[in-house]
Amino acid sequence: MANRFYITTPIYYVNDVPHIGHAYTTVAADAAARYRRMQGDRVFFLTGTDEHGQKVEKSAAGHGIAPQQLADRVVVRFQELWKRMNISHDDFIRTTEERHHHAVHAIWNRVAEKGDIYLGEYEDWYCTPCETFLTETQMLDGRCPDCGREPERLKESSYFFRMSRYGERLLEHIEKHPEFIQPVSRRNEIVQFVRGGLKDLSVSRTTFSWGIPVPGDPDHVIYVWFDALTNYLTAIGYDSDEGKFHDFWPADFHVIGKDILRFHAVYWPTFLMSAELPLPKRVFSHGWWTVEGEKMSKSKGNVVDPYAMVDRYGPDPFRYFLLREVPFGLDGDFSEEALVGRFNSDLANDLGNLYSRVTTMLGKYCEGKVPDSSGTAEMRTRGEETVRRVDRHMGDMSFNKALQEIWGLISEANRYVDQKGPWALAKDPARADELGRVMYDLVETLRLVTLLIFPFMPETGEKAAGALNLPSDWCDAASLAWGGTPAGREIGKVAALFPRLDAKAMKKERSAAEAAAKDKPGDVEKERDGREVTLRDFARLDIRSGCVRKAEAIPKSKKLLKLLVDIGEETPRQVVAGIAENYGPDALIGRNVVVLTNLKPARFMGIESRGMVLAVEGEKGLVLLGYHDQVLPGRKIR
Ligand code: MSP
């Protein structure tokens, strides 16, 4: 019977749109999941969103909408990104789903029956952005050690989990299972923390209501981490589908970032011990990305948008870069220069070149058919070794080493071409056998490379498999054995898979785009010339019908008006429009307008604007766009 393999990503908060950090964890888990599937395992790969908690509640309030509405809006950004990045998750869990509510109550009740939950009073510092309580000793100069912000002082009635009961058992477990916390360098940090003594943990809150109520005491909502961690049980049927649950639990890997290791390697195992459930086999915490040497942050404006990376370079080069550039587990630095560098050297030169030269030569010297040969022992050994080593590295989540191995084989094959010179062999009929062996070696190596890169670059893998005319079951464990290409198979020429990028031109284009983003109309004009957009580009603009509900002048401003525009959301949007010279506030009330709704929020004269009302420059100034027939607010304009 096939092994089963259960791997998870963290579930992402919906108070923010996806960034490179989210993409990173998810791509890593995806590569591991795809690799296990190729090995024939029954894989369950889970990702999803963390939708409860004060953080989400506050953020929604800031947008003037209900938390559920915020979640519904942001979740799509994650789901669409995963589609575009070819993430192959088997389930996407949202903590606001009924199935999750059920599982959280089930585990809460089980822990409570154990006598591990009691009512007390909590007073401490709380860091809302990190959703975590802090003791005085954990704070650095009165600030949260993780995000550097000032925590709030909270005192409230709270249910507590008797975490203190489980410290010894947890230490024993960590000692007995050295693989439990990975990489090893992080294990010590957790051991120190647990040795310092585990205190009981506050697991309910009364100061806000966006969460799952405590069973039997709805004034309390369950602590967001107790709620969130349980997602790993919910999705595989805890307390609802016993068969599936026992099949997949315990998880093989929780893949997470280093910032949330304590929740996964201390809190989570103690909850599970209390509920008498086995612990996950491994918790792997990866490092963090900085951007061109700096910490990524909204205020610095250097947050890397994965959508932009996929648009610019394609999903595979972005995926490849994330896993190739930095050893999984260590911190790394992101820059587009480095990405373009890898693209040109590893993908265009090494990989793309190998596909195109081998298939071109096969066409020229072997009539496009695989020769009747089994290749040389030398290349066979090289190929088999690579497959073995990649397997070992994948087992350790050493993605960059696995990729180094694969690229070692690619370089070897490129060298082999230069060394053997098939063009010379082809000229000498007495060396036809040798030509056959060499070409077989090369075609077979390409086939193995195609399989090995597939978990990292699924689109390229599929494309190459098609070009090499591989059968439909090309991507399984048996196919990883040398010798799978039959003689006589017809193979067409593979066109350049990764045409080289012009780093200089791209940099120029980027700075122009950045200037445009800074809202310099002159530069925007320049940018527009000669640049075509695709329908996909256009579809990124969310333009909707709107109706002005309120309009007022902004003191000291000749041009600006503050509008509240109904675009079908729960409350009208606040938009600042530069139309005061052409329209008085009263003339606008009830008027139909066209609104760009997903423009990055900006402030004008200290007033927040979340969108843009579209207008055309007429002879005598701006004229608002509108429509004649009756249209409800919030309809998409296409
Ligand atoms: N909701 C919690 C997880 C609950 S899991 C039961 C959460 N969500 S998050 O959206 O804030 O972050 C999710 C992941 O993104 C974490 O693994 C975190 O490490 C990762 N990253 C956030 N910023 C990052 C970088 N700059 N670099 C790499 N990963 C980073 O935490």
Side-chain angles (χ1 to χ4, degrees), residues 7-29 46-57 59 70-71 74-75 77-78 81-82 92-96 100 103-104 107 127-132 144 146-147 186 210-212 222-235 251 253-269 271-272 280 283-298 300 302-306 309 321-323 325-335 397 399:
I7 184 164
T8 67
T9 74
I11 47 172
Y12 305 113
Y13 287 128
V14 287
N15 61 318
D16 205 355
V17 294
H19 57 60
I20 186 178
H22 305 118
Y24 186 44
T25 325
T26 310
V27 163
L46 177 67
T47 189
T49 40
D50 190 352
E51 305 190 351
H52 288 133
Q54 190 168 23
K55 195 159 148 156
V56 175
E57 192 181 84
S59 172
L70 177 70
V74 177
V75 71
R77 303 276 299 164
F78 282 97
L81 180 64
W82 302 153
F92 187 102
I93 187 164
R94 302 182 57 184
T95 54
T96 49
H100 182 63
V104 170
I107 188 169
C127 178
T128 307
C130 299
E131 297 283 13
T132 182
C144 168
D146 289 327
C147 72
R186 298 239 155 248
W210 182 236
I212 298 178
I222 294 176
Y223 176 42
V224 66
W225 275 99
F226 190 98
D227 166 345
L229 287 159
T230 303
N231 90 87
Y232 302 134
L233 303 180
T234 309
F253 272 106
H254 290 318
V255 184
I256 57 166
K258 62 180 184 180
D259 53 315
I260 54 175
L261 179 59
R262 190 186 305 158
F263 300 100
H264 284 81
V266 180
Y267 295 9
W268 182 224
F271 299 161
L272 290 167
V283 175
F284 197 111
S285 73
H286 64 66
W288 266 44
W289 288 96
T290 48
V291 179
E292 296 180 4
E294 293 203 58
K295 199 172 166 192
M296 193 167 76
S297 81
K298 265 197 192 158
K300 284 203 190 101
N302 65 349
V303 176
V304 179
D305 172 8
M309 294 305 109
F321 178 81
L322 291 177
L323 297 181
E325 187 70 0
V326 179
F328 201 57
L330 300 185
D331 293 339
D333 188 49
F334 183 88
S335 76
M397 298 257 163
F399 303 112

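Read the numbers this way: they start at 1 and go in the same order the structure lists the ligands and their atoms. Residue numbers start at 1 and run along the sequence shown.
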Undergrad: Protein N/O near ligand 1 N/O, under 3.5 Å, which pairs?
TA:
{"from": "ligand 1", "atom 1": "1 (N)", "to": "Ile11", "atom 2": "O", "distance (Å)": "2.8"}
{"from": "ligand 1", "atom 1": "1 (N)", "to": "Asp50", "atom 2": "OD2", "distance (Å)": "2.7"}
{"from": "ligand 1", "atom 1": "10 (O)", "to": "Tyr13", "atom 2": "N", "distance (Å)": "3.2"}
{"from": "ligand 1", "atom 1": "10 (O)", "to": "His22", "atom 2": "NE2", "distance (Å)": "3.1"}
{"from": "ligand 1", "atom 1": "17 (O)", "to": "Gly257", "atom 2": "N", "distance (Å)": "2.8"}
{"from": "ligand 1", "atom 1": "19 (O)", "to": "Asp259", "atom 2": "OD1", "distance (Å)": "2.5"}
{"from": "ligand 1", "atom 1": "19 (O)", "to": "Trp288", "atom 2": "NE1", "distance (Å)": "3.2"}
{"from": "ligand 1", "atom 1": "26 (N)", "to": "Trp289", "atom 2": "O", "distance (Å)": "3.2"}
{"from": "ligand 1", "atom 1": "27 (N)", "to": "Trp289", "atom 2": "N", "distance (Å)": "2.9"}

Undergrad: For Asp16, which residues count as a salt bridge (charged side-chain N to carboxylate O under 4.0 Å, His left out) partner, sequence neighbours excluded?
TA: Lys298
Undergrad: Using salt bridge (charged side-chain N to carboxylate O under 4.0 Å, His left out) as the criterion, list what pairs up with Glu57, not counting sequence neighbours.
TA: none
Undergrad: Just by distance, with hydrogens left out, do Asp259 and Trp288 show a side-chain donor and acceptor under 3.5 Å apart?
TA: yes
Undergrad: Is it true that Ser335 and Glu292 share a donor-acceptor pair across their side chains at a distance under 3.5 Å?
TA: no
Undergrad: Asp333: which residues meet the salt bridge (charged side-chain N to carboxylate O under 4.0 Å, His left out) condition with it, sequence neighbours left out?
TA: none
Undergrad: Are Tyr12 and Thr47 linked by a side-chain donor-acceptor pair shorter than 3.5 Å?
TA: no
